[in-house]
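Chain identifiers are assigned alphabetically (A, B, ...) following the order of the sequence lines, protein sequences preceding nucleic acid strands; residue numbering begins at 1 within each chain.
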Protein chains: 2
Amino acid sequence: MGARRGEDVEVVTAPGRLPGGDERAVRERARAIPEAAVARLAVYLRVLSGLAEQGVTTIASEELSAAAGVNSAKLRKDLSYIGSYGTRGVGYEVEVLVDQIERILGLTRKHSVCVVGIGNLGHALANYAGFPGRGFPVSALFDVDEDLIGVPVGGILVSHVEDIPRVCAEREVSIGVIATPPPAAQGVCDRLVSAGVQCILNFAPVVLQVPDHVEVRKVDLAVEMQILSFHVARRADEAANADESGMVVPG
Amino acid sequence: MGARRGEDVEVVTAPGRLPGGDERAVRERARAIPEAAVARLAVYLRVLSGLAEQGVTTIASEELSAAAGVNSAKLRKDLSYIGSYGTRGVGYEVEVLVDQIERILGLTRKHSVCVVGIGNLGHALANYAGFPGRGFPVSALFDVDEDLIGVPVGGILVSHVEDIPRVCAEREVSIGVIATPPPAAQGVCDRLVSAGVQCILNFAPVVLQVPDHVEVRKVDLAVEMQILSFHVARRADEAANADESGMVVPG
DNA sequence: GTATGTGAAAAAGTTCACAGCC
DNA sequence: GGCTGTGAACTTTTTCACATAC
């Protein structure tokens with residue numbers, strides 16, 4: 001990522017420092033993109049794809065950031081993590097950004113997905129044909145319900161949860177989506193992990209315990225609702241306070 | 001690396017700084033619970049409710065934090081934002097924490113929810129009878145499809161999107177859930193806002209534009225998948241690098 | 001003139017470590 | 001002894017502001 005620097009700002013290595021691990025740490029850090037920035041890059045990508053479809057070829061940070069709901073400094077900083085692809089005085093070429101973000105996010109390869117738990121939600125997920133933002137083909141479905149096994153959902157036959165290891169290996173599943181009832185989630189997770197799945201998207205309201213090398217992201221409806229509830233409450237408080245211009249709060 | 005700030009750089013207020021709004025800002029800050037902590041409080045609440053059901057009456061930060069998937073210092077800090085309800089040398093009373101967290105999150109009152117867009121996902125959401133973590137009754141459903149209007153889903157009749165203002169007012173909806181196709185989302189959002197809904201949970205892959213007083217949270221499948229994809233890719237990179245530096249890669 | 005890219009400052013969030021209380 | 005509560009240290013993330021390039 002050839003950000004060129006006039007001079008090498010040599011890190012004046014303190015003389016007593018770890019010799020071996022240091023360089024690698026530095027390289028890793030240089031390569032590292034903040035987690036928060038990764039999430040936003042995905043958003044920028046979607047906005048950019050939309051723009052490309054509309055025939056927009058060039059865009060300035062100000063405009064792109066507005067469309068993505070962030071401020072322009074943050075957008076530029078985020079983009080700077082992946083390289084320097086803009087033109088000063090002009091802006092960014094939409095197509096270039098799309099390509100670069102896709103590269104960074106690893107979207108140049110396909111990631112097979114399996115969905116475990118074909119209830120209401122699992123059904124909905126399986127039917128998101130090809131999963132939002134193509135590149136994530138759903139290639140296996142699992143449930144424990146005998147009545148569902150062998151039934152096609154969104155074009156894929158449901159397999160039994162017991163077969164997770166075999167089926168996931170065969171179909172090279174790299175991402176597992178858990179949409180089971182809470183009590184089943186940890187067990188399913190363990191099976192996925194032992195099947196070699198390294199990334200899990202968890203919709204079950206449970207905190208999954210996984211080994212370090214497995215990445216879990218969770219989507220938690222109850223938590224989201226409660227956060228909103230908190231904001232409703234706070235707003236009510238603020239309104240009350242504004243009213244009184246100050247003092248409050250009994251235990 | 002030498003940038004330590006050992007001594008108190010006394011904040012000699014630069015004479016050019018805003019003096020007026022300062023006090024209020026300070027007071028607000030003192031009262032404020034970090035956004036990140038709010039999300040975790042909701043998780044603690046769930047874990048605690050489970051414990052209470054199992055008859056556990058007292059728990060130490062170490063154990064509770066393990067169950068919630070965070071470290072104990074963070075847990076204690078988070079709890080400290082809502083008050084001091086623990087006993088040194090002992091731990092926390094489960095019931096007390098449940099009550100206090102519920103109070104802070106505003107769960108002592110009910111929040112009526114409406115779901116807009118009764119497709120696969122909306123259907124699943126509407127059927128989450130009473131919504132995860134009771135206290136969020138679904139009290140209205142909306143769609144544009146004439147064939148759906150008047151049909152009961154999860155016990156509630158679907159209304160037309162045009163009726164959002166009237167129905168939301170009647171049923172005192174305080175949280176709107178958007179599960180429409182992307183192109184419809186902003187329009188629906190505008191309607192919800194004009195109906196006085198101040199909190200929105202958005203499942204549509206669009207960045208919603210709302211006035212400042214409206215709180216939006218989004219659940220974005222595509223983004224979640226892409227973040228996982230990023231981690232798959234990074235892992236692959238790391239494996240390649242480790243290879244280079246002579247490490248043994250596990251199968 | 002205009003808009004990027006980026007050090008440096010500020011803010012937010014996390015972890016440490018230990019005084020204080022049981 | 002054991003565990004909470006919390007200032008202080010540290011880390012990460014965001015914002016500022018401007019040199020740099022077109």
By nearest atom, which of the nucleotides dG13(C), dA21(D), dT4(D) is closest to the R88(B) side chain? dT4(D)
Side chain of N71(A) - closest among dT4(C), dT14(D), dT15(D): dT15(D)
Tell me which nucleotide among dG5(D), dA3(C), dG5(C) gets nearest to the side chain of S84(A). dG5(C)
Can you tell me how far OH of Y44(A) sits from CG of L75(A), rounded to the nearest 0.5 angstrom? 4.5 Å
Passes side chain to side chain contact (heavy atoms under 4.5 Å, CB included), V207(B) versus V70(A)? Steps please. CA-CA 10 Å; V207(B) 179; V70(A) 303; over 6 Å; no
Integer-rounded Å distance: dG7(D) P and Y81(B) OH: 11 Å
Supply the atom-to-atom distance H231(B) NE2 to I227(B) CD1, rounded to the nearest 0.5 angstrom. 7.0 Å
Given atom CD of E35(A) and atom P of dT14(C), what is their separation to the nearest angstrom? 13 Å
Whichever of L79(B) and A37(A) has its nearest DNA chain D nucleotide further upstream toward 5': L79(B)
Is there a side-chain polar atom (N or O) of S61(A) under 4.0 Å from OP1 or OP2 of dT4(C)? yes
Can you check the I82(A) CD1 to dT6(C) P distance for me, whole Å? 12 Å
Using only side-chain N and O atoms of Y92(B), determine if any of them is under 4.0 Å from OP1 or OP2 of dG5(D). yes
Establish, from distance only, whether the side-chain atoms of H111(A) and Q226(B) form a donor-acceptor pair under 3.5 Å. no
Take atom CZ of R40(A) and atom C1' of dT13(D), then tell me their distance rounded to the nearest Å. 8 Å
Determine, for E35(A) against R217(A), whether the closest basic-nitrogen to carboxylate-oxygen distance falls under 4.0 angstrom. yes
Could you check how far CD of E62(A) sits from C1' of dA17(D), rounded to whole Å? 14 Å
Comparing nearest nucleotides in DNA chain D, the 5'-proximal residue of the pair V90(B), G89(A) is V90(B)
Whole angstrom value for the distance that separates C1' of dT11(D) from NZ of K74(B): 12 Å
Return the value, rounded to whole Å, for the distance between atom NZ of K77(B) and atom P of dA17(C). 14 Å
Counting side-chain heavy atoms from CB outward, which of dG5(D), dT4(C), dC22(D) is closest to T87(A)? dC22(D)
Taking dC16(C), dT4(D), dC22(C) as options, the one with an atom nearest any side-chain atom of A73(B) is dC16(C)
Provide, to the nearest angstrom, the distance between the CD1 atom belonging to I33(A) and the P atom belonging to dT6(C). 14 Å
